[in-house]
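Below: one structure, written as structure tokens.
Basis for what follows: all heavy atoms, side chains included, without hydrogens, waters or symmetry-related copies.
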Protein chains: 2
Amino acid sequence: MWIAELSRQTEVSVATIKYYLREGLLPAGEAVGATRARYDETHVRRLRLIRALVEAGGLSLARVRNVLAEVDEETREMHDVLGAAHGALIPTDLTATDQTRSRVDDLIAEEGWRVDSGSPDRMLLANALDALEKVGYHLDDDLLKTYAAAAARVANAEVASLPSDDRQRTVEATVVVTALGGPVLLALRRLAQQSASAQRYGKSPRLDCETAEARRT
Amino acid sequence: MWIAELSRQTEVSVATIKYYLREGLLPAGEAVGATRARYDETHVRRLRLIRALVEAGGLSLARVRNVLAEVDEETREMHDVLGAAHGALIPTDLTATDQTRSRVDDLIAEEGWRVDSGSPDRMLLANALDALEKVGYHLDDDLLKTYAAAAARVANAEVASLPSDDRQRTVEATVVVTALGGPVLLALRRLAQQSASAQRYGKSPRLDCETAEARRT
């Protein structure tokens with residue numbers, strides 16, 4: 001297909017596509033003559049991935065470039081793709097106290113999780129726990145273990161759901177699930193929090209009031 | 001305490017504290033003479049909350065102002081605090097297809113969750129699901145229900161962990177857990193994903209290799 005068709009199918013403007021081509025985020029099309037090129041389904045998929053990471057994942061283009069570079073490294077073993085995608089998605093300015101880092105290492109050992117000793121995700125967790133400590137909120141061991149059990153359940157289902165037919169598709173799905181599955185889980189958690197709050201504080205949700213009002217009128 | 005001591009205890013500069021006072025994010029201290037004021041423990045806690053929301057929660061000051069306004073509304077029932085905090089934390093430019101919005105409503109009904117019919121979190125979830133659809137990744141019902149079960153487990157434990165002694169503390173804990181508990185859950189999910197990936201793709205984590213290498217040398 002020509003660039004106009006690629007633009008139509010992906011709802012990304014021709015100017016933006018050309019920008020991504022110049023920046024090397026999108027591989028060049030097949031040259032036809034001096035100024036035209038043909039694009040195919042791989043370009044459609046790559047463009048959709050870039051837009052999803054930028055718009056839904058909230059990643060900067062620089063961060064997207066890192067993720068794609070990791071994804072496109074064909075010699076990488078499948079297991080390393082996930083770690084590489086994680087590494088590229090992570091902020092680099094993380095800090096955490098030694099005490100919290102030890103707590104994270106202990107938790108991973110207790111859960112029996114197989115996680116690289118050098119994984120930046122260890123620091124990411126320690127950083128998130130320290131942010132709570134700084135406001136005087138200590139997440140106790142019971143609650144932390146509940147989080148860990150829920151996280152394991154989700155992660156096992158996510159990794160089991162990855163396709164296994166085609167390497168490129170598997171790699172893309174890994175990036176998509178990692179970057180865009182998080183917002184789904186967080187939104188569900190907020191809905192479930194509202195429900196738990198309604199139960200604890202005994203307030204009927206507005207839904208019931210509206211229904212009752214509708215009956216009265 | 002004077003402003004210098006408040007600054008020392010919270011590690012927030014005097015200039016920033018004065019800015020927050022001018023902007024109404026931090027309540028005024030008790031005036032002592034024309035130019036000095038005394039601050040107390042409530043100011044320490046409020047400053048820590050603001051810094052946590054900005055630095056760890058990634059909220060803009062405008063968003064923080066909305067959250068604090070909701071939190072400080074004393075007439076609000078406890079259940080409404082959570083919904084109000086959610087509303088203030090949420091982006092306002094969400095869109096989703098009618099089909100996905102129905103899917104969300106159906107899921108909430110099936111799970112038996114008590115969620116306001118007008119809660120913006122419904123749209124937040126629909127938006128997150130649509131972001132996956134746009135890259136051609138359909139989150140199937142089994143995986144969605146696994147997410148929902150994990151989210152419910154976490155949310156129930158979170159709401160149960162909120163203190164019940166003092167209204168202001170409960171409200172602050174609600175905001176902190178909502179805004180800063182998410183990053184903890186996501187970091188744990190990433191660690192668990194790595195472990196699941198190591199199991200599925202049969203790669204030993206680097207930890208084992210290093211230990212083996214250490215034994216050899």
Do you know which two heavy atoms are closest between [X] and [Y], and how far apart they sit?
{"X": "A:Val159", "Y": "B:Gln193", "value": "CG2-O, 3.8 Å"}
{"X": "A:Ala155", "Y": "B:Ala196", "value": "O-CB, 4.1 Å"}
{"X": "B:Ala192", "Y": "A:Ala152", "value": "CB-CA, 3.7 Å"}

>> Using a 4.5 angstrom heavy-atom cutoff, name the option from A:Ser161, A:Pro163, A:Gly181 with the most pairs to chain B.
In response: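 Answer, by heavy-atom pair count under 4.5 Å with chain B: A:Gly181.
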
> Most heavy-atom pairs under 4.5 angstrom with chain A, which of B:Ala126, B:Ala151, B:Gly112?
Replying inline: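 Option with the top pair count is B:Ala151.
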
>> As an exercise: rank B:Leu47, B:Leu186, B:Asp142 by heavy-atom pairs under 4.5 Å with chain A and give me the winner.
In response: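 Ranked by contacts with chain A, first place is B:Leu186.
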
Atom pair [atom1]/[atom2] of [X] and [Y] - distance to nearest 0.5 Å:
{"X": "A:Glu133", "Y": "B:Leu180", "atom1": "CD", "atom2": "CG", "value": "11.5 Å"}
{"X": "A:Leu125", "Y": "B:Arg190", "atom1": "CG", "atom2": "CZ", "value": "11.0 Å"}
{"X": "B:Leu191", "Y": "A:Leu124", "atom1": "CG", "atom2": "CG", "value": "8.0 Å"}
{"X": "A:Arg189", "Y": "B:Leu185", "atom1": "CZ", "atom2": "CG", "value": "6.5 Å"}
{"X": "A:Asp116", "Y": "B:Ser195", "atom1": "CG", "atom2": "OG", "value": "10.5 Å"}

Looking at side-chain heavy atoms only, is the closest gap between [X] and [Y] below 4.5 Å?
{"X": "B:Tyr147", "Y": "A:Val184", "value": "yes"}
{"X": "B:Leu107", "Y": "A:Leu188", "value": "yes"}
{"X": "A:Leu162", "Y": "B:Arg200", "value": "yes"}

>> Report which part of A:Leu143 has an atom under 4.5 Å of a heavy atom belonging to chain B: side chain, backbone, both, or neither.
In response: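 Interface part for A:Leu143: side chain.
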
>> Using heavy-atom distances under 4.5 Å, tell me whether A:Val44 contacts chain B through its side chain, its backbone, both, or neither.
In response: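 For A:Val44, no heavy atom lies under 4.5 Å from chain B.
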
With a cut-off of 6.0 Å (strictly less than), are more than 12 heavy atoms of other residues, nucleotides or ligands near [atom1] of [X]?
{"X": "A:Glu23", "atom1": "CD", "value": "yes"}
{"X": "B:Arg45", "atom1": "CZ", "value": "yes"}
{"X": "B:Asp140", "atom1": "CG", "value": "yes"}

